[in-house]
Amino acid sequence: MRRLGFVLLILGLLGSLIVSWQRLAWEEKSYSLVYDYAEALNMARLTDTSIHQVLRSLKEAGVTAVAISHYTAGQAVRQGRLLVFDGISFGELPQQLRGVAVKPGKLYIIPKSQAVSQDLKGLLPSLGGKLLDREQNLWELSESLERFLEQPLGLPEDKLSLAKSLNLGVVVRFKNHPAFGREAIAYLISSGQGAQAFLPEGDKILGYPRHLHTVAEELAACSLPLAMVEFANIKGQESLARAAGPNILRLHSIPAEELSTMTPERARERLVRARAERSIPLLYLRPLFTGEDLLAENTAFVAGVREKLEALGFSAASVRPRAPWSSSLGLFWLAALGPVGACLILAQKLPRALQRLLLLLLAIAWLGLPLLHLLRARQLFALLAAVVFPVLGVVVGKKLTASGQVKAAAAGLVALAGGVVVSALLGSWQFALAVWRFAGVKVAFLLPVGLVGLWAISPLGEGGSWDDFKKWCERQLAEPLRVWHVLLGLLLLLVLFVYILRSGNTGLAAPWERAAREFLERTFRYRPRTKELLCYPLLVLAFAGKPSLWQRLLLPLGTIALVSTVNTFAHAHSPLAAGLVRSFWGILLGLVFGSLLNFLVGKVTRRG
């Protein structure tokens, strides 16, 4: 069984390398800087500069597109392009209403421009509007005046024309309205045809909740990509993204409230990191208000983002969705042999009957699940790989006759290989665009550490048999519960609680740790993870030490570094090269720090 496991593991690694090569060829390095038009207009007012000059300065600095929202009925009224009357508050009847039986509580709407007339024709029927006079374009609507004045209508032609004259791309923004039906949605999206992307506005996406498939169909018909906002709590966004298929561009923005608390350097690094580390091609910009010369400050900020991205090898472009890519079913089967083989290697201590049962279950899952639901199979086998490879790394390192550094390096390489397998198993555009995600993050963080901890304190860690393990379990269960058992259990729960909470981007990181992370981000193109810098040294110490209670406690703590290495590749939306470089530095620096820690501990123990 062990020999079969090694054969399957090698085949899985071979398949994973082929998929990784395909993934590297599919990844691209273009980006677009998108500026909020309304914010640019506000900056023009504050600096007593024309909007034309502001946009031209931003374009020269590096902006490639502007985000334009549709105008409201109130804006059209103030501009004299729309007349709105209710049946109560007006005095003398307008000429267009003198032959109409005016009803209290109704609105009477008359467009004064061709563009507004076209927008009303496309949208008002969905809102319950009735065309009373086709010749005079007179509409009747059951709605309060206040609410109608806030009603979004079409896209402003003057802003679209200005963007076109400056050769800037356009990202259109539409608000949702619960009354919008298929016709209104089709009209709105068709008005944005030719734009670079559609970006939702507000906390509900256009078409939510009943017409998301209609929105997806219309976006595809107009070749208008959905700009999917990272970290945004927009109702219906994920459902629309799944319905839209590969017609997606991911977008990162810094909310205005958060931006107001950041220095220009931190904001710039965050935007650059979104493109470089998470493959987000659309970067949404808002103005900073930290200097005296507002326009000069913001053009310099935009230029700084552009220069930093260009220094990293990225190029500005009118970004479009990439052609969908997925590894073939055959390559998935080949890569999935990796975690299957790792399981068989780890199961060598099990009784022969249990080994055969495990092999049977793995074979059924390996063959059958991809035929039933390939994306779910990708998630399941990626989770299996994320669990077994850190454990396999510890077992391989423990069996070597070498120094603690060499053992930890071997374990790190096994974890790196496991990360490549995880990346290959998630090798499809759905995961690369974060439409689907790695499932079981908490399990992948906790289970390997728990398995290694159990293995380390049991006879299995010292080469014992399955029978020895069973007897040890019986002895432990026969032991009476003592106070120190309870205290140790509570301590472990606290450690696990903090460990899970810190499994995000910043988690509970202290200010000094955030500062250290920012230093590492400035020093390295892809920052090595904190867990690896802290826990690889513990792994070196555990492998270098003699068998003892402390050595057994250090081993599961050191396993956290291996878990982190594998977990890096579970972020399938990140560039594969970023994961490889980040993991390389994590292992290398962790080994260096581990050697130093081992030397210091040896000095202290010899003196003692």
Side-chain angles (χ1 to χ4, degrees), residues 390-416 448-464 484 487-488 491-492 494-496 498-499 502 508-524 527-566 568 582-608:
V391 180
L392 181 63
V394 172
V395 173
V396 168
K398 192 77 163 54
K399 289 190 174 182
L400 291 177
T401 305
S403 65
Q405 293 89 330
V406 172
K407 290 181 177 182
L413 290 177
V414 171
L416 183 59
V449 176
L451 290 175
V452 169
L454 180 62
W455 177 82
I457 64 174
S458 73
L460 294 176
E462 299 300 325
W484 72 268
L487 294 177
L488 180 61
L491 179 61
L492 288 175
L494 178 61
V495 170
L496 290 176
V498 174
Y499 171 50
R502 289 176 51 86
L508 297 176
W512 66 266
E513 187 179 344
R514 291 197 184 99
R517 290 183 181 187
E518 290 172 4
F519 169 76
L520 290 171
E521 285 161 1
R522 290 191 297 269
T523 305
F524 298 94
R527 172 182 66 83
R529 290 178 177 268
T530 308
K531 295 185 189 69
E532 293 164 32
L533 297 180
L534 294 176
C535 294
Y536 269 117
L538 300 181
L539 190 62
V540 171
L541 204 59
F543 280 139
K546 296 178 181 179
S548 65
L549 176 61
W550 287 109
Q551 188 256 357
R552 292 176 178 179
L553 291 176
L554 285 174
L555 204 54
L557 292 177
T559 305
I560 293 174
L562 307 179
V563 170
S564 177
T565 297
V566 176
T568 294
R582 185 197 300 275
S583 298
F584 167 78
W585 284 116
I587 295 172
L588 181 61
L589 293 177
L591 293 175
V592 171
F593 295 155
S595 299
L596 180 60
L597 179 63
N598 190 42
F599 172 77
L600 294 174
V601 170
K603 281 276 191 182
V604 171
T605 52
R606 280 195 295 271
R607 285 181 181 178

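Here the shortest heavy-atom pairing between Thr559 and Pro448 reads CG2-O, 4.2 Å. Of all heavy-atom pairs spanning Gly393 and Ala411, the tightest one is O-CB, 3.2 Å. In terms of heavy-atom proximity, Val394 sits nearest to Trp455 at CG1-CZ3, 3.8 Å. Closest approach of Leu591 to Ala408, counting heavy atoms only: CD2-CB, 3.7 Å. Closest heavy-atom contact between Arg582 and Glu532: O-OE1, 4.2 Å.
In this view, Thr568 and Arg529 satisfy the side-chain hydrogen bond (donor to acceptor under 3.5 Å, both in side chains) rule, not counting sequence neighbours. Every residue two or more places apart in sequence or in another chain was checked for a side-chain hydrogen bond (donor to acceptor under 3.5 Å, both in side chains) with Ser583, and none qualifies.
The environment of CZ in Phe599 is sparse: at most 12 heavy-atom neighbours from other residues, nucleotides or ligands sit within 6.0 Å.
Among pairs with a residue in residues 588-598, those fulfilling side chain to side chain donor-acceptor pair (under 3.5 Å) read Gln405-Ser595, at least two apart in sequence or across chains.
In this structure, Leu520 CG and Leu533 CG are separated by 6.5 Å, a value rounded to the nearest 0.5 Å. If you take CG on Leu600 and CG on Leu541, they are separated by 10.0 Å, rounding to the nearest 0.5 Å. The structure places CG of Leu392 at 10.0 Å from CG of Leu562, a figure rounded to the nearest 0.5 Å. To the nearest 0.5 Å, atoms CG (Leu538) and CZ (Phe543) are separated by 12.0 Å. In this structure, the separation between CG on Leu400 and NZ on Lys398 is 11.0 Å, given to the nearest 0.5 Å. Note: Lys407 NZ to Thr401 OG1 = 7.0 Å, rounded to the nearest 0.5 Å.
Between Tyr536 and Thr565 there is a side-chain heavy-atom pair separated by less than 4.5 Å. Side chains of Leu555 and Leu539 form a contact here, defined as non-hydrogen atoms less than 4.5 Å apart.
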